[in-house]
K.L.:
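Supplied in structure tokens, the structure appears directly below.
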Amino acid sequence: MIPELSYQDAVKSEYLAFLSALEKSEFSGDIEKSYASRLAVATDNSIYQLLPQAVILPRKHQDLVIMTELSLQTEFKTITFSPRGGGTGTNGQSLTDGIIVDMSRHMNNIIDINVEEGWVQVQTGVVKDQLNEFLKPYGFFFSPDLSTSNRATIGGMINTDASGQGSLKYGKTSDHVLAVSAVLMDGTELVTKNQSAEQVQEQALSNNYLGKVCHQVIDTIAHKQQTIADTFPPLNRFLTGYDLVHLYDKSTDEFDLGRILCGSEGSLAFITEAKLNLTPIPKYRCLVNVKYDSFDSALRNAPFLIKANALSVETVDSVVLNLAKQDIVWHSVKSLITDIPNKDMQGINFVEFAEDDGDIQQQKIDYLTAELDRLMVTGEAGVIGYQVCDQLSDVLKIYGMRKKAVGLLGATKGQAKPLAFAEDTAVPPENLADYIVEFRALLDSYNLHYGMFGHVDAGVLHVRPALDMLDPQQEVILREISDKVVALTAKYKGLMWGEHGRGFRSEYGPEFFGDELFTELRKIKAAFDPDNRLNPGKICTPINSDAKLVSVDAKKRGAFDRQIPVSIRESFTQSIDCNGNGLCFNYDTKSPMCPSFKHTGDRRHSPKGRAGLMREWLRQLSCHEMNEQELGQQLTVQKNGVATFTTRLKNSWNKARGRYDFSHEVMEAMQGCLACKACTVQCPVKVDVPEFRSRFIDQYHSRYMRPIKDFAVGYSESYTPMMAKVPNFFNFWLGQDWVQSAAKHTIGMVDIPLLSTPTLSESLRGHYAQSFDLAFLQRLSAEDKAQHVLIVQDPFTSFYEAELVESLVNLVEKLGLKPVILPFKPNGKPQHVKGFLAKFAKTAQTAADFLNSLHALGIPMVGVEPALVLCYRDEYKQALADKRGDFSVQLIQEWLLNDKVQANLNELVKRDENQPYYLFAHCTEKTNKPTAEQEWQRVFNGFGLALETVATGCCGMAGSYGHDAKNVAASKSIYSQSWKHALAQRDPSRCLATGYSCRSQVKRIDEVRLSHPIKALLGVLS
Ligand SMILES: Cc1cc2nc3c(=O)[nH]c(=O)nc-3n(C[C@H](O)[C@H](O)[C@H](O)COP(=O)(O)OP(=O)(O)OC[C@H]3O[C@@H](n4cnc5c(N)ncnc54)[C@H](O)[C@@H]3O)c2cc1C
Ligand code: SF4
Ligand code: SF4
């Protein structure tokens, strides 16, 4: 039995008093102080971990005014704040041990757009891709790009002055900020815009923070203009952190205070709104993917590519390319980056051209490709081939892969993981290749593994050397390398932070700015934040204060993780390996990635949040009085006996009376998970929440009683076959409102579906498909066996949608083959979901033994329900390892594409249909079998039908999740995020869903019966 975990790092008393006063004020946002909520924002994508005292999530600008004004009271003067957006910083920019002010959950509205004047006004919690999706119909986009565009917020972008691909043309975020609204630490509102020097001088007369700010910037410009011009390097990625260069425009005699805030990393003000300028979407975009024999060749060839008038040149090395090949993302790009026969592709440059004039675009492409042909003939520059992608969808796929590159590096096997600490240096592009030779020599001298990619056009290189932060010695190496890279970058006249901001690297600030200018920065900080309360220690500290800058030596995540014994860490890599890159915060409701986070906006309910809680849970267990071996034994599968019953009852009683146990906080986060499995594939490091969630639930119930509904779901495959024998009897009772209501109030289940009538055996009575006889099948000749197909039953379709199994039988027959339905064997998925792991292992072994005995026949086995078929492949492997055997159950579309079926199909007459069908694929299926949708399309094409895939997230049902009374509202809300709208736009009779859950959710909410693809196929053969 797991012990009670009472540690929760208590919130300091002055913070509790502040939060309580805030609760009593007019503040309308959320205030979170649970240990789990604090842990969920204690990390970003950096190596650091800092536990905040609380998380405040304002709803509107005025909430920040209320919060800052309250904090001015003497008793709250020690309280500090760190604004936060998507939390994707790579250097701990938003981490604090004070209060996190999260602008992303509520302040994410697009307020206004003016197409004529070319601007948009947004709240700063808006995500960059969300903004561009909104702008697309207007023909505009917000052009500064970054790899985290599907989760990074405008506030974060402004504060790190983000930029990325295309920066030579589109610049950095600060180049597009026309105005901002911000709240200063005394509650004053600052609205920036271009202002005449006279206006700023006038403001400088007032006695509030704004007056002091204006006074200071006038003073800095008056005395240091020349030093600023001399100090800031003339790079595309200018020196961020109080942009003194662009603060004042001598030619117009105007100030733009917004420039000071850009890149200030939340150390000067809370930015609540921004007015951003818009860039027209270019009409034509094309990528030329140039392949090289070495990464060095790729780097050295970059200036040549830029001279060909390219919009941007992005590079990746073979390490990154090879990692991409092992990820789901490769399916979308493999035909666009094909290998060159007999050549080793060690580097690649993606060269983009974007124009409004098609002729000019073509001329540029023709020029470059002719030059590349020439280089290939002469064998110069290491060019070994190239591919042109002129379809926008292909261009976006390549960039999708490129954007995932950092995350992919995290998938590196072993203890040493690629780390962000010197990953975004920028040097003048002409110095880049030589600089990298030295950089590599430095890393090689430490024998480190690393991958490289970057924006070669801007001289920005991304490199994450792999270090093991669980080993304290490697922290020392990290510091050494960090210092050496600073020196190397300075030698090549570059910057240590060319893209991702400073965060804990702020200690290097004086080195790059020089003492004189750094003093000016400190004066500016003192004017905005004299008591050093906003993101203290980042960028700089106020002048005349003895506060320290944060340092690379700050407490790292590794210091916590290394408290977990190695064997436990290795057994839970699915959670330990999360590197916080935040891809699971994807805002796009049409993507399957994490429905529970999308619905709640609560970081605890994301894969990252759950992985973080799991790590802390393992850490706390490890600190308990158990040695590694005992803990290892404890964390194996639970077998609760009668002996523990009374103790569990007592523990549950204490729980009901509110007794704290950290496990309850973890359980709450796990219960919000739909077990949809999107994270297991879409997360670049394959964080597998359903797997560790099951293990956690199993352990949790070694200490606490299970609710009845767990048994109702977990054992459903045992009792449903019996119920399905007399469906009319049970349907009579299930059809009564009072029975459904009683089920809701007793076992906590709602909308329990009716069983199929007629049953499968009734509708196929006397049919050959019902005549399963192993001995008979074994006796068949090879030729006869080839005519057979075995249908593997699942509880959903066989007992609740029997006509679908019947349709499959009919389809197999129409295709000239003989279907045989296998006797029903529980699959175990419901047991896995509910964490009955010992039972699941047993169920899985029984099913695997049975299926292995059939596998020997060599007859294809096909399953209808994708989630259960995929369970044979994934969960069975995890639970049974070698004992799983080699059996294979195919998804319907996989089987339909085999040669035999295709040959038979060619012989058949098909009814003409010219309207397309629309495929709503099951989210587990399309994430865990990335080619599933394309396979269905190929199948439909073979039947002479057109099939369009529809991008949707999760439907919200996910097996039993949507039937849990506690989850109904969430389930319906998740449905409305993508399914509802996508269906409303289409003729439902042409919409097809592959998942039983999805079909029943549509029926329950929209009262529409969606068909399965095989019914459409059957129709065309009728
Ligand atoms: C895999 C990966 C790839 C990346 N690629 C790029 C890239 O291509 N280009 C690039 O520029 N960056 C990149 N980054 C870094 C990061 O995504 C950017 O710095 C991004 O701008 C941060 O946005 P965010 O919303 O996550 O901000 P956060 O990380 O939450 O915060 C960043 C900083 O902004 C401050 N802040 C946030 N919102 C506000 C606000 N409203 N008011 C005041 N201060 C605020 C915070 O205090 C913090 O200092 C990458 C990061 C990762 C993990
Ligand atoms: S769970 Fe995966 S996608 Fe999410 S932050 Fe962790 S590593 Fe990134
Ligand atoms: S299984 Fe689905 S709901 Fe659960 S964490 Fe993963 S993506 Fe989110």
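Both backbone and side-chain heavy atoms feed into the values below; hydrogens, waters and symmetry mates do not. Order of listing sets the numbers, starting from 1, for every ligand and every atom in it. Note that the structure is predicted; figures quoted are calculated from it, not measured.
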K.L.:
On a heavy-atom basis, I'd like to know which of Gln93, Lys128, Arg464 is closest to atom 48 (C) of ligand 1.
P.N.:
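Checking each option, the heavy atom nearest atom 48 (C) of ligand 1 is found in Gln93.
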
K.L.:
What do you reckon, does Asn535 put a non-hydrogen atom under 4.0 Å from ligand 1?
P.N.:
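Asn535 counts as a contact of ligand 1 under the 4.0 Å cut-off.
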
K.L.:
Relative to the heavy atoms of Ala675, which atoms of ligand 3 are at a distance of less than 4.0 Å?
P.N.:
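That gives atoms 1 (S), 4 (Fe) of ligand 3.
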
K.L.:
Mark up the atoms of ligand 1 that fall under 4.0 Å of a heavy atom belonging to Met103, in ascending order.
P.N.:
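Those atoms are 41 (N).
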
K.L.:
With a cut-off of 4.0 Å, which atoms of ligand 1 are near a heavy atom of Thr160?
P.N.:
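Answer, ordered by atom number: 18 (C), 19 (O), 20 (C), 21 (O), 32 (C), 33 (C).
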
K.L.:
Under 2.8 Å from atom 6 (Fe) of ligand 2, is there an N/O/S atom belonging to Cys578?
P.N.:
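Yes, within the cut-off.
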
K.L.:
Kindly identify the option in Ser167, Ser147, Gly263 whose heavy atom sits closest to atom 8 (O) of ligand 1.
P.N.:
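Checking each option, the heavy atom nearest atom 8 (O) of ligand 1 is found in Ser147.
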
K.L.:
Show the atoms of ligand 1 that are less than 4.0 angstrom away from any heavy atom in Thr124.
P.N.:
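Contacts of ligand 1 toward Thr124, numbered from 1: 41 (N).
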
K.L.:
Please write down residue, atom name and distance for the protein heavy atom closest to atom 41 (N) of ligand 1.
P.N.:
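Checking every protein heavy atom, the shortest distance to atom 41 (N) of ligand 1 gives Ile271 O, 2.9 Å.
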
K.L.:
Strictly by modelled atom types, are Arg557 and Ser46 linked by a side-chain donor-acceptor pair under 3.5 Å?
P.N.:
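Absent: no donor and acceptor within the cut-off.
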
K.L.:
If you take the centroid of each ring, where Trp contributes its six-membered ring, are Phe421 and Tyr48 closer together than 6.0 Å?
P.N.:
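So the answer is no for these two rings.
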
K.L.:
Are any of the heavy atoms in Ala269 under 4.0 Å away from ligand 1?
P.N.:
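Yes, that is the case, since the closest heavy atom of the residue is under 4.0 Å from the ligand.
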
K.L.:
If you take the nearest heavy atom of each of Val460, Asp161, Asn159, which one is closest to atom 34 (O) of ligand 1?
P.N.:
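Checking each option, the heavy atom nearest atom 34 (O) of ligand 1 is found in Asn159.
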
K.L.:
Taking only heavy atoms of Cys594 into account, list the atoms of ligand 3 that are under 4.0 Å away from them.
P.N.:
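So the answer, numbered in order with elements, is 3 (S), 5 (S), 7 (S), 8 (Fe).
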
K.L.:
Answer with yes or no whether Gly582 contacts ligand 1, where contact means a heavy atom under 4.0 Å from a ligand atom.
P.N.:
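No.
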
K.L.:
Taking the six-membered ring where the residue is Trp, are the ring centres of His455 and His462 under 6.0 Å apart?
P.N.:
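Yes.
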
K.L.:
Under 4.0 Å, heavy atoms only, figure out whether ligand 3 is touched by the backbone of Lys677, its side chain, both or neither.
P.N.:
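Near ligand 3, Lys677 shows its backbone, while the atoms from C-beta on stay back.
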
K.L.:
Starting from atom 26 (O) of ligand 1, what is the nearest protein heavy atom, named by residue and atom, and what distance separates them?
P.N.:
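Ranked first by proximity to atom 26 (O) of ligand 1 is Thr88 OG1, 2.6 Å.
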
K.L.:
Report yes if Leu146 has an N/O atom closer than 3.5 Å to an N/O atom of ligand 1; otherwise report no.
P.N.:
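No, since none of the N or O atoms of Leu146 sits under 3.5 Å from an N or O of ligand 1.
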
K.L.:
Which is it for Pro690 and ligand 3 at heavy atoms under 4.0 Å: side chain, backbone, both or neither?
P.N.:
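For Pro690, only side-chain atoms sit under 4.0 Å from ligand 3.
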
K.L.:
I want to know if ligand 1 touches Thr90 in the polar sense, i.e. an N/O pair below 3.5 angstrom.
P.N.:
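Between Thr90 and ligand 1, no N or O pair is found under 3.5 Å apart.
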
K.L.:
Looking at ligand 1, is there an atom of it that comes within less than 4.0 Å of some heavy atom belonging to Gly501?
P.N.:
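Gly501 does not count as a contact of ligand 1 under the 4.0 Å cut-off.
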
K.L.:
Run the ring-centre check on Phe597 versus Phe585 and record whether the distance is less than 6.0 Å.
P.N.:
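Yes, the ring centres sit under 6.0 Å apart.
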
